[in-house]
Undergrad: 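Okay, here's the structure, questions in a sec.
Note that these values count all heavy atoms, side chains included, but never hydrogens, waters or copies made by symmetry.
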Amino acid sequence: MKNYALNPKHGDGDKSRQHKINYVEALNDQQWQAVQQIEGPQLVIAGAGSGKTRTLVYRVAYLVEQGVDPESILLLTFTRKASREMLRRAALLLDDRCQRIQGGTFHSFANTILRQYAAHLDYPNNFTIIDRGDAEDIVNMLRAELNLDKKQRRFPKKRTLVEILSKSINTNRPVMEVLADDYPHFLDDEPQIMELAGRYLRYKQTKGLMDYDDLLVNLRRLLTEQDGIRRKLSRQFRYILVDEYQDTNLLQAMIAALLASEHANLMVVGDDSQSIYAFRGAQFKNIMDFPKIFPNTRVTTLEQNYRSTQPILDFTNAIIASAKEKYSKNLFSEISGEQKPVYLQALNEREQSQFICQRILELREEGIPLDEMAVLFRSGWHSTELEIELNSRNIPFVKFGGMKFTETAHVKDVTALLRILYNPFDAIAWYRSLLLLDGVGPATAREVIDDVVEAQKGPEILAAPEWSKRKIGGELTRLRLFIAESVSNNFSPAEETKRVLEYYLPILKKNYDDYHKRTHDLEALAKIAERYQDLEAFLTDLTLEPPENSQIDTTATDKDEEKLILSTIHSAKGLEWHSIFLINLVDGFLPATQSLQREEDIEEERRLFYVATTRAKQQLYLLTPELERGGGLSYFDTRTVFTLPSRFIQDIEKFSNLTEQWTITLKSEESETTEEKSDDGTADDGAPNFLKNINDYFNEHRN
């Protein structure tokens with residue numbers, strides 16, 4: 001039988017059609033080139049700040065103006081908000097026909113399709129979608145059925161188990177590999193984890209349940225196992241657009257390709273240089289290998305940047321020029337500005353933090369609002385020292401990409417123990433500390449507090465038979481002796497903190513499956529304690545700013561509520577600020593230590609560096625402090641590592657030409673012109689000029 005194909009009604013690139021929108025005037029040449037190709041596969045490499053969303057919006061409108069049925073267009077994005085906004089903007093440009101386009105996330109689209117065809121996978125069409133909490137409860141129930149919840153042995157908790165299984169699916173790695181990389185202390189439990197995973201899968205199937213990951217897994221199954229349904233859906237959605245393609249995982253890339261398998265009218269938009277979510281399962285190879293799946297792919301590169309000045313772009317272009325694998329692009333800008341990125345080496349993290357605080361206040365005086373400035377870092381714990389300094393200077397801030405340092409559970413645990421050592425009658429600190437102990441629940445904790453605090457008997461009452469002979473007597477005795485040793489000695493804050501960490505480490509390992517990741521915060525806390533002479537000052541500085549209800553989506557309502565932005569680089573992607581401070585540019589921080597074993601991980605760290613620097617519009621500050629820290633996973637590891645500047649800085653050709661080098665000095669009294677000084681080293685009021693002597697001395701002995 002011979003197939004006879006009809007040409008599309010609109011024609012390919014029909015130049016005679018009259019358009020409501022003047023595309024040539026609204027778009028630059030590269031954007032217009034991407035918009036006007038109707039048929040066939042297309043890869044749009046959209047450089048940072050190059051108008052990616054604008055291109056997609058005009059592409060949608062152009063398809064409709066060319067006579068394409070809106071219901072045959074599918075727009076897949078990573079948030080429902082993004083797709084709704086794109087279609088809203090397209091409708092404003094053209095008309096309400098754009099609202100008939102199907103748009104949404106991969107997961108929402110999968111849900112829509114599976115509601116029609118789930119029966120083909122032995123699922124009811126009215127299946128129930130369970131959230132993460134439901135999944136954890138089911139796994140916990142199955143864990144108990146397998147007798148894996150007994151206290152005689154350590155086995156992953158329900159949250160950790162769900163995380164392991166989900167990560168295996170989304171990163172396309174065996175469970176054994178996930179365990180080896182992220183939970184090595186559970187490697188011996190792999191057979192039991194796999195048995196539990198099988199039971200979890202069967203339980204969902206028999207009960208008509210799907211979790212978040214199942215939506216993608218089952219849509220792929222449908223498209224690969226049911227050929228007739230695949231052809232039907234591919235013909236239904238004749239024009240497919242995928243946003244942020246560099247962030248797709250293997251499942252999502254397969255789904256997009258299968259949906260386009262009958263026509264290849266698939267346009268994917270993304271930036272290989274901003275592929276930074278491998279830990280979530282994003283596959284860098286998806287965007288690099290797209291032309292291999294669709295050999296006739298037309299590649300269009302968007303290079304005009306509408307965010308940053310040219311000196312900043314010259315620097316970011318140089319970062320990505322060193323990448324081992326990439327699509328070549330050279331971002332350029334017509335935005336005025338001559339300030340080169342500033343590179344500064346600090347003696348330590350404290351000096352780095354002092355510089356940032358002072359420079360931020362200067363920029364604010366120059367008219368730059370606090371919320372137009374951001375400090376970016378590789379990991380949430382990297383901002384610990386800075387948060388303390390910001391608090392001490394009363395500079396308000398909001399943090400994205402993790403809780404504030406002092407709000408993390410493990411830091412709050414340690415702080416509670418320190419508070420008991422400072423004030424043995426702190427009821428709130430006692431309550432948190434007691435709940436850390438095996439066998440102590442809320443009721444027992446209140447009993448202890450009634451005796452120790454309310455009755456003013458103090459910790460020594462725990463030696464009484466009514467407590468020491470109870471089942472929890474051993475735990476309480478250990479706590480009592482720990483407190484007693486502190487009372488009988490005059491420990492410094494640093495010594496006190498070290499003792500608390502030694503007491504707490506077994507509790508940390510017992511209570512947190514990811515304890516090895518949390519030790520960085522505790523190591524940082526111990527370093528901060530070294531700055532203080534008394535425990536009261538240390539605890540006061542840690543609690544200067546009370547915790548906020550939420551750190552996400554915080555928006556200032558007036559000028560007095562402006563807040564400086566602190567953010568991990570991952571959380572900053574897609575955002576922009578007038579001025580950016582990128583801190584801790586040292587090996588082991590960026591790139592992170594755990595990324596140094598594999599070249600592909602180092603390359604992703606390079607892209608992280610690129611993403612961070614491309615957030616800056618007018619000013620970019622790059623800071624490298626000298627760091628000295630423990631070489632192991634724990635504060636108690638006495639090895640020392642002295643950090644070196646990030647290898648990515650060393651990789652940049654002509655780094656000194658692309659940046660402006662600053663150095664930090666203590667301000668000398670000689671620079672003050674408003675105060676008269678006498679020949680004998682006194683101020684005009686006759687008082688000795690001690691400040692000048694102090695500054696001169698420390699300037700002379702800095703090194």
Side-chain angles (χ1 to χ4, degrees), residues 8 12-13 23-24 26-60 62-63 66 73-78 86 238-250 252-277 282-306 313 316-317 319-333 600 603-604 606-607 610-611 614:
D12 189 3
Y23 295 93
V24 175
L27 304 169
N28 65 39
D29 291 344
Q30 293 168 322
Q31 291 171 334
W32 172 226
Q33 180 181 329
V35 163
Q36 67 179 315
Q37 179 180 330
I38 297 294
E39 302 293 324
Q42 184 174 189
L43 170 61
V44 179
I45 301 298
S50 62
K52 167 182 68 69
T53 300
R54 183 180 184 84
T55 303
L56 277 168
V57 167
Y58 276 84
R59 161 76 168 184
V60 166
Y62 185 77
L63 285 173
Q66 288 294 100
I73 302 172
L74 174 63
L75 172 64
L76 294 172
T77 61
F78 274 78
M86 287 185 199
R238 186 169 174 79
Y239 299 92
I240 302 168
L241 298 86
V242 181
D243 188 20
E244 301 285 11
Y245 192 69
Q246 79 280 348
D247 294 336
T248 54
N249 61 28
L250 189 64
Q252 291 161 330
M254 288 180 66
I255 288 168
L258 288 165
L259 287 171
S261 56
E262 293 294 301
H263 47 70
N265 295 331
L266 174 60
M267 175 181 180
V268 299
V269 182
D271 184 4
D272 56 297
S273 300
Q274 297 187 68
S275 179
I276 60 173
Y277 292 115
Q283 294 275 348
F284 176 68
K285 285 293 185 181
N286 286 351
I287 196 166
M288 299 308 299
D289 291 347
F290 184 81
K292 295 180 182 178
I293 301 171
F294 296 97
N296 297 320
T297 295
R298 178 176 179 177
V299 180
T300 305
T301 305
L302 308 184
E303 295 176 296
Q304 182 169 356
N305 178 283
Y306 295 92
L313 294 181
T316 62
N317 286 334
I319 292 172
I320 214 64
S322 301
K324 299 291 188 294
E325 188 176 8
K326 62 184 180 295
Y327 286 101
S328 296
K329 54 183 172 294
N330 190 53
L331 298 184
F332 66 92
S333 174
E600 55 263 43
E603 287 302 296
E604 177 153 323
R606 189 191 308 278
R607 296 193 293 270
Y610 175 81
V611 167
T614 54

Undergrad: For Glu262 and Arg238, what are the C-alpha separation, side-chain angles and deciding distance, and is it a salt bridge (charged side-chain N to carboxylate O under 4.0 Å, His left out)?
TA: CA-CA 8 Å; Glu262 293 294 301; Arg238 186 169 174 79; over 6 Å; no
Undergrad: Test side chain to side chain contact (heavy atoms under 4.5 Å, CB included) on Ser322 and Arg606 and set out the steps.
TA: CA-CA 9 Å; Ser322 301; Arg606 189 191 308 278; 3.4 Å; yes
Undergrad: So, Gln252 side chain and Asn249 main chain: donor-acceptor pair closer than 3.5 Å or not?
TA: yes
Undergrad: State, with a plain yes or no, whether a side-chain heavy atom of Leu241 is found less than 4.5 Å away from one of Leu76.
TA: no
Undergrad: Decide yes or no on salt bridge (charged side-chain N to carboxylate O under 4.0 Å, His left out) for Lys52 and Asp243, but give the supporting numbers first.
TA: CA-CA 9 Å; Lys52 167 182 68 69; Asp243 188 20; 3.0 Å; yes
Undergrad: Would you say Lys292's side chain and Asp289's backbone share a donor-acceptor pair under 3.5 angstrom?
TA: no
Undergrad: Mind listing the closest non-hydrogen atom pair of Phe290 and Leu266 along with its distance?
TA: CE1-CD2, 3.6 Å
Undergrad: For a side chain to side chain contact (heavy atoms under 4.5 Å, CB included) check, start with the C-alpha distance between Val268 and Val44, then their side-chain angles and the critical distance, and finish with the verdict.
TA: CA-CA 6 Å; Val268 299; Val44 179; over 6 Å; no
Undergrad: Less than 6.0 angstrom from the centroid, inside 45 degrees of the normal: does Arg54 satisfy that with respect to the ring of Tyr306?
TA: no
Undergrad: Return yes if some donor-acceptor pair links the side-chain N/O of Gln31 with the main-chain N/O of Thr55 below 3.5 Å, else return no.
TA: no
Undergrad: Measure from the side-chain N and O atoms of Tyr327 to the backbone N and O of Met288, and report whether any donor-acceptor pair falls under 3.5 Å.
TA: yes
Undergrad: Considering non-hydrogen atoms only, spot the tightest contact between Asp247 and Ser275 and give its length.
TA: OD1-CA, 4.5 Å
Undergrad: When you look at Asp272 and Gln246, which way does the side-chain hydrogen bond (donor to acceptor under 3.5 Å, both in side chains) test go after all the steps?
TA: CA-CA 6 Å; Asp272 56 297; Gln246 79 280 348; over 6 Å; no
Undergrad: Between atom CD1 of Ile319 and atom OG1 of Thr316, what is the distance when rounded to the nearest 0.5 Å?
TA: 6.0 Å
Undergrad: Has Glu244 got a side-chain atom pairing as donor or acceptor with Gly270's backbone, closer than 3.5 angstrom?
TA: no
Undergrad: Would you say the side chain of Met267 lies within less than 4.5 Å of the side chain of Tyr245, judging by non-hydrogen atoms?
TA: no
Undergrad: Looking at side-chain heavy atoms only, is the closest gap between Leu27 and Val35 below 4.5 Å?
TA: yes
Undergrad: Check Glu325, Glu604, Glu600, Glu603 against Phe284 for a side chain to side chain contact (heavy atoms under 4.5 Å, CB included) and give me the one that passes.
TA: Glu325
Undergrad: Does some side-chain heavy atom of Val299 sit less than 4.5 Å from a side-chain heavy atom of Ile45?
TA: yes
Undergrad: For Ser333 and Asn305, what are the C-alpha separation, side-chain angles and deciding distance, and is it a side-chain hydrogen bond (donor to acceptor under 3.5 Å, both in side chains)?
TA: CA-CA 5 Å; Ser333 174; Asn305 178 283; 4.7 Å; no
Undergrad: Treating Arg607 as the side-chain partner and Gln274 as the backbone partner, does any N or O pair qualify as donor plus acceptor under 3.5 Å?
TA: no
Undergrad: Can you give me the closest heavy-atom contact between Val242 and Ala256, atom names plus distance?
TA: CG2-CB, 4.2 Å
Undergrad: Take Thr300 and Gln42, measure what side-chain hydrogen bond (donor to acceptor under 3.5 Å, both in side chains) needs, and give me the verdict at the end.
TA: CA-CA 8 Å; Thr300 305; Gln42 184 174 189; 3.2 Å; yes
Undergrad: Got Asp271 and Lys329 here, is their nearest side-chain heavy-atom distance under 4.5 Å?
TA: yes
Undergrad: Search all heavy atoms of Leu74 against all heavy atoms of Leu259 and return the closest pair with its distance.
TA: CD2-CD1, 4.0 Å
Undergrad: Walk me through it: do Thr248 and Phe78 pass the test side chain to side chain contact (heavy atoms under 4.5 Å, CB included)?
TA: CA-CA 9 Å; Thr248 54; Phe78 274 78; 3.8 Å; yes
Undergrad: So, for Ser273 and Ile320, which heavy atoms are closest and what is the spacing to 0.1 Å?
TA: OG-CG1, 3.2 Å
Undergrad: For Tyr239, run the side chain to side chain donor-acceptor pair (under 3.5 Å) check against His263, Glu39, Arg59 and tell me which one passes.
TA: Glu39
Undergrad: Please lay out, stage by stage, how Ile73 and Leu75 fare under the test side chain to side chain contact (heavy atoms under 4.5 Å, CB included).
TA: CA-CA 7 Å; Ile73 302 172; Leu75 172 64; 5.5 Å; no
Undergrad: What class does the angle between the rings of Trp32 and Tyr23 fall in, given that below 30° is parallel, 30 to 60° is tilted and above 60° is perpendicular?
TA: parallel
Undergrad: Any idea which heavy atoms bring Ala48 and Thr614 closest together, and the distance?
TA: CB-CB, 3.7 Å
Undergrad: Please examine the side chains of Val269 and Leu56, heavy atoms only from C-beta on, and report whether any two atoms are closer than 4.5 Å.
TA: yes
Undergrad: Measure the shortest side-chain to side-chain distance between Arg298 and Gln33 over non-hydrogen atoms and say whether it is less than 4.5 angstrom.
TA: yes
Undergrad: With a 4.5 Å cut-off on side-chain heavy atoms, are Gln36 and Gln66 touching?
TA: no
Undergrad: Test Gln304 against Gln30 for side-chain hydrogen bond (donor to acceptor under 3.5 Å, both in side chains), laying out the working first.
TA: CA-CA 9 Å; Gln304 182 169 356; Gln30 293 168 322; over 6 Å; no
